[in-house]
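Please read these numbers as outputs of a predicted model, since none were measured by experiment. No hydrogens, no waters, no symmetry mates; every other heavy atom, side chains included, goes into these values. Throughout, a chain's letter reflects where its sequence line sits, starting with A, and its residues are numbered from 1.
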Amino acid sequence: MPDIRCSHCGKDNPDFLDVCQFCQSPLKSESMLHIGEKPTKKNTGELEGILPEWLKDARKQARDSAEEEAAHVAAQANIQKEGPLDLLAGLSFQSESADQQDVPDWLQNINAAAKSKPSTPVAPAQPETDFFAQFNKSETKPQSEPTQDNPPSPSNEPMQPSQSNVERDELSAWFSQASEQTSEPFAAGDETAQPHSDWGLSDQVSLPGDQTPAPKEAEDLSWLHDLEATAKGTDELKIPQQNPNRETGFSSTSQAAGQDDLSWLNNLGAIPAPEQPASLPSQSQEDLSWLDNLGGVSKPIPSASSEEDLGWLNSLGATPAQQPPSQTSVPQEDLGWLNAFKETAESRQPAPVQPSSSVDPSLLNNLGATPAEQAAPHTSESQDDLGWLNAFKETAESSQSESSQPSSSDDMSWLNTLGALPAEQPASQPSQSQDDLSWLSNLQSGADTLSSAPFADQTNEESGQTETPHISPFTPRRTAPLNEEENTSIPDWLKSATEGPSMPMGTGELDQFREDFKIPTQPEEAFSWKSFTQEAKPAEEQPPRSKPEPASVDPNLFAPAGGSSVPSADDVNSLFSMEMPDWMSQAEPAREENVAQDIGIHAEGGEALAPVDLPSWVQAMRPVEAVVSNLSPSIDDQPTEREGPLAGFKGLIPAVPVGSARRPKPISLKLQASDEQQTAAAILEQLLVGETSPRPLVSTPVFFSQRVLRWVLAGFFILVLGAVIGLHTEMMQVSPDLPPAVDAVSSSVEVIPENSAVLVVVDYEPSLSGELEAAAGPLLNHIALLRHPGFSFIATSPNGSGLVEKLLSNTNISKAAPTGLGYLVGQDYYNLGYLPGGESGVLSFVLAPRTTMPALGDKVPDVFSGYSAVILLTDHADSARVWIEQLQPVKQANPAIANQPLLVVSSAQAGPLLQPYVLSRQITGLISGVPDAARYEHKNNVPPGIARSYWDAFGVGIIMAVALIVLGSLWSIFAGLRARNAETAQG
Amino acid sequence: MRLFATVLAIASGLIVLLGYFYPVEPLLNLRLQLTNWAMIIAAMAVLIGIYNLVAVQMEKIRTRQKGAAYGGLLVLSLIITFGLGLAFGPEDATVRTAVTAVIVPVESSLMAILAVTLIYASIRLFRRRVDVMSVVFLVVAIISLIVVVPTPFGPIPGTLAIQHFIGLFSTGGARGLLIGIALGSLLTGLRVIFGVDRPYGGN
């Protein structure tokens, strides 16, 4: 079996334990409490389901007995109040300097005995002697008896009023019965493996079958003296003295000493001895009342009930044993059970009962041993087992007074209860191996009572009173009502027993908690409290034993807690409580929590970090759930509602901050996509890139840019036409055929009267002056040459008046002869200037020229008929239309001018628009452009003027224009088709 | 004031129209007087136009806008020409030189550019659009040029017939335009007379 070595005490523990069974320190790191953690209260009830059957039964019995004892305790409360409470104060004070934080006191006591720990010296003047004074008293008390030699100590006499010898006899008888039955439990343990199991009683104390009350008491009290002596010397119970005089210790000690040993039990009962009247017939009952005080119930009980309390003791013994003659009738009844106890032990023990110290071992055997196992071996070896009791005896001898002697006999009665309870347990235990775990049943019923197992006999005692002999002796609730004063009087070793979560368990015993535990054989059984239950077991079930087996319990079980601290009220209360120790009750749930915690750690981070490795600040950073679920803060820690309907309540609204500690779970940003999906995504990406990327536009090749083409065209025309004009070539022939409108002009000129006034309307712009001058030059020259009229130039354009001179100059009219006609301004022609008003001005001028232009005077005729002909030089059809429209009505209205010819010389572009007027005869003749002028000139034999000079250039230019247009158009068609084909190809 | 302007405009129109239809002396005199006023107003409008031109150019010079230098040159030329015209009259050689040396070449150059531009446009026509109308346009243009083109060998035979034939289309089109213009002018006159349209500022 693998063991875990405790890091604190260095002892081996089974691996399934979380807490060291010796020092109660955590064995596993998970169970340790770290900095920053809050200790969590563990529910020990969860262990209920995994407890062995026998342990469950024990707990059940403990519960049943608790209720029954409650009533009994209530009945004895008054008596307990009067008990000597201060007797335990000595031991309690004795334990002040003890180190009880790490190891329970009871465990320390045991270990101290085993390890021979140095114990702190106890001051002799401390009240601790008060406690053991009870033993001294009990020892000195029986001085009245012939067998008791020890005189009562004066110090304890007032504390222990006169107690009858009957009580001592009861105690001795009870011890005798118990000694007769305690053979097997002490022999059950392995002596070699468990050296502490020898209590020093096995080899020295022999339980005789017949014991007189007097020597029994003396022997009983001897171990108490040893206990007291040890406690005084070392503050803790030392190792039981292994001297061979233990037996003699029991025997040699006076009766008073034995009485003193038992007197402390009265102190446990918290009944001050001096307060109890000695003459009371129920004094023996009062002696037993401490048991009630142990139960914690301080209710007064009637005196009659005390008799009943002792009655169950008889039932334990089945037959009232030999009662001391000195006892009164009532104490005889009380102690009668002790006789029965004795007889039962005698009948069940095949071996002869050893005469010496047979009472005490029998008592102890009855405490825990099963009857079957304990029946046979009550040999001298059993005395060794009870050697620890000698320590009690020796310790108590120095301080016990005789006054406590009468009560000592009663005090020992609790031991019977230990034997009474296990009477039923063996029946419920399936096997004998489970008997070894009987002490665990005590642990379960109340770990605190393990070390003080003898005091648990009160339960049996009470159960005996209530005629329920099979009630578990471990009654937890009996210590509850102990008050502070009573707590202080509890000895350290007793207090330490209350504090210890459990008594030390051997590895073999602890293995019973293992799932794979196999029931060991009988010899492997260690000390078991079932040895105290031997009495109740049938005698036939108890195998005969040749020799008493030493108890496996450490002899230092009841050693004084030298290193224990002052017992507190809780310690005392928990002394007899039935609560399970934490390490035992929560062993399994703690393991589950550890497993869950491990799982959580591994599941969360995947790291095998042990919680113990995490510092507190790291754990504080962990999610709240991990902390809150474990912490489960109490209601007191939570804030109180101040407002609203919940005002005044605590803990209704969780105080856990919302969303403050939860860290978002990290989410992986890596996209989990398959290869196919990634391929599709890549294709989509390529499509998007193709759509968004700029596509180069298909630009059609430009053969020439517009500007270059224009410059080429301009340069080409300038060069060619310039050359033609500069060369004065007359290579272009003029057609002799005149158009009808041109021919009508020639006809109209001929009818113009000689030296008449001819109105020449200059209505063109300087831009077209070159064309109009060339077009009008042959007509003007022809008229001037033929009819020599006076010209009146009037312009309907602002720039017209300035063009008159240029026109006359370029047509050689104003030039002097012989190159020109020699027309002079003011004589031969008049520049009337600009005629504003448009149509109104034309109309006005047509109606009344002089009125319209009064500043001209005689240069303008009064009426429009003064002009023989009107020659209109125009480059726009609109301006010609104005004159035509305004003049035509006047002609129709004025017959004088009805035959007045209207000759129009227009640009080539305006000619076609004037053709309707020509066809409608509103215009008499029309010369349109240079070609008509050249023909007119050529036709009328006018001297070659500008028209002829322009004729070659005009012809060349038109040819060039036509050629360029044709070639350019063809190229454009070809380029256009190629561009369209390219666009079609590109889609 | 608006009503007065409207009445005056309508009355003036009716008087001139009546004088056109009824050439009686009072109506003819009144008509003549109104037309003279209209001619004087038009002459003043030219001056106002000149004043507006000078003001715009001066504003451009003052604000140093783009082309302000050309504006300054324009204003300067205007002042000089106007002063010379007032001082020496339009028949003075200096004034004629200003016209013949500046105005005529400038405008003639513009016409020359127009000729080159038309040829360039004709070349590029099929590059832009090749359809029936473009072909017809270019074909008619080329034929019209060829009809009138002088050749060293005399006129191309049949050109007159082609010219006469082509002249029919142009004459027909011109008639239509003229008729349309006449109808438009008549309608506009009637609207002004009846006060429907008030171009004189009466909305």
Side-chain angles (χ1 to χ4, degrees), chain A residues 706 709-710 713-714 717 731-735 737 765-770 798-799 801-803 805-806 825 831 833 835-838 840-841 843-844 847-848 851-852 877 881 889 893 912-916 919 929 931 951-952 954-955 958-959 961-962 964-966 968-969 971-973 975-976, chain B residues 20 23 28 31-32 34-36 38-43 45-46 90-91 95-96 99-100 103-104 106-108 110-113 115-120 122-128 130 138 141-142 145-146 148-155 159-160 163 167 170-171 173-175 177-178 181:
Chain A
Q706 295 182 3
L709 182 59
R710 283 196 292 265
L713 293 177
F717 276 99
M731 61 180 181
M732 298 295 177
Q733 296 182 2
V734 178
S735 169
D737 299 333
E765 297 297 328
S767 58
L768 293 178
S769 61
N799 296 321
S801 60
L803 295 177
E805 298 297 330
K806 180 178 180 294
V825 62
N831 190 357
L835 178 64
S840 300
L843 178 58
S844 173
L847 292 176
T851 304
T852 304
R881 182 175 58 83
L913 294 176
L914 296 176
Q915 289 296 326
L919 296 177
W951 184 250
D952 287 353
F954 174 79
I958 291 177
I959 295 172
V962 171
L964 292 174
I965 291 173
V966 172
S969 297
W971 174 254
S972 296
I973 292 172
Chain B
Y20 185 81
L28 290 177
R31 173 188 173 191
L32 180 60
L34 291 176
T35 54
N36 288 334
M39 185 179 63
I40 295 171
I41 293 172
V46 173
E91 289 82 12
V95 176
R96 290 191 300 179
V99 173
T100 57
I103 296 174
V104 173
V106 171
E107 292 188 1
S108 299
L110 292 177
M111 292 302 294
I113 294 173
V116 175
T117 302
L118 288 176
I119 295 172
Y120 172 78
S122 300
I123 295 172
R124 299 279 298 178
L125 179 63
F126 288 156
R127 177 71 62 88
R128 294 286 183 179
V130 180
L138 283 179
I142 292 172
L145 292 175
I146 293 174
V148 297
V149 63
T151 62
F153 310 101
T159 55
L160 291 177
Q163 185 176 7
S170 61
T171 302
R175 287 180 181 269
L177 292 174
L178 294 175
I181 293 171

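- Note on B:T171, B:L110, B:I123, B:L34: by heavy-atom pairs under 4.5 Å with chain A, the leading option is B:I123.
- With A:V962 as reference, B:I142 is the one residue of B:V149, B:I142, B:I119 to meet the side-chain contact (heavy atoms from CB on, under 4.5 Å) rule.
- With a threshold of 4.5 angstrom between heavy atoms, A:S769 approaches chain B through side-chain atoms but not through N, CA, C or O.
- Of all heavy-atom pairs spanning A:P836 and B:A43, the tightest one is CG-CB, 3.7 Å.
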- Begin with the C-alpha distance, continue with both residues' side-chain angles, and end with the deciding distance and a verdict on side-chain contact (heavy atoms from CB on, under 4.5 Å) for A:S969 and B:L125. CA-CA 7 Å; A:S969 297; B:L125 179 63; 5.6 Å; no
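- Both the backbone and the side chain of A:I959 come within contact range of chain B, with heavy atoms under 4.5 Å apart.
- For the set B:I146, B:V116, B:L118, the entry with the most heavy-atom pairs within less than 4.5 Å of chain A is B:V116.
- Nearest heavy atom pair, residue B:P150 against residue A:M732, reads O-SD, 3.3 Å.
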- Start with the C-alpha gap between A:E765 and B:I103, add the side-chain angles, then the distance that decides, and say whether side-chain contact (heavy atoms from CB on, under 4.5 Å) holds. CA-CA 9 Å; A:E765 297 297 328; B:I103 296 174; over 6 Å; no
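- Neither the backbone nor the side chain of B:I113 comes within less than 4.5 Å of any heavy atom in chain A.
- The parts of B:L145 that come within reach of chain A are both its backbone and its side chain, each placing non-hydrogen atoms under 4.5 angstrom from that chain.
- In terms of heavy atoms, B:V148 sits closest to A:W951 at O-CH2, 4.2 Å.
- Contact count against chain A (heavy-atom pairs under 4.5 Å) is highest for B:R175 among B:R31, B:M111, B:R175.
- Proximity to chain B (any heavy atom under 4.5 Å) is restricted, for A:P931, to the side chain, taken from C-beta onward.
- Here the shortest heavy-atom pairing between A:S972 and B:R124 reads OG-CA, 3.8 Å.
- Contacts between A:N799 and chain B at a heavy-atom distance below 4.5 Å involve the side chain alone, from C-beta outward.
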- Message: For B:T100 and A:E805: C-alpha separation, side-chain torsions, deciding distance, then whether side-chain contact (heavy atoms from CB on, under 4.5 Å) applies.
- Response: CA-CA 9 Å; B:T100 57; A:E805 298 297 330; over 6 Å; no
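- Counting heavy-atom pairs closer than 4.5 Å to chain B, the top-ranked of the candidates A:G968, A:P916, A:A961 is A:P916.
- Among A:S844, A:P766, A:G837, the residue with the largest count of heavy-atom pairs under 4.5 Å with chain B is A:P766.
- The shortest non-hydrogen separation linking B:L32 to A:A848 is CD2-CB, 3.4 Å.
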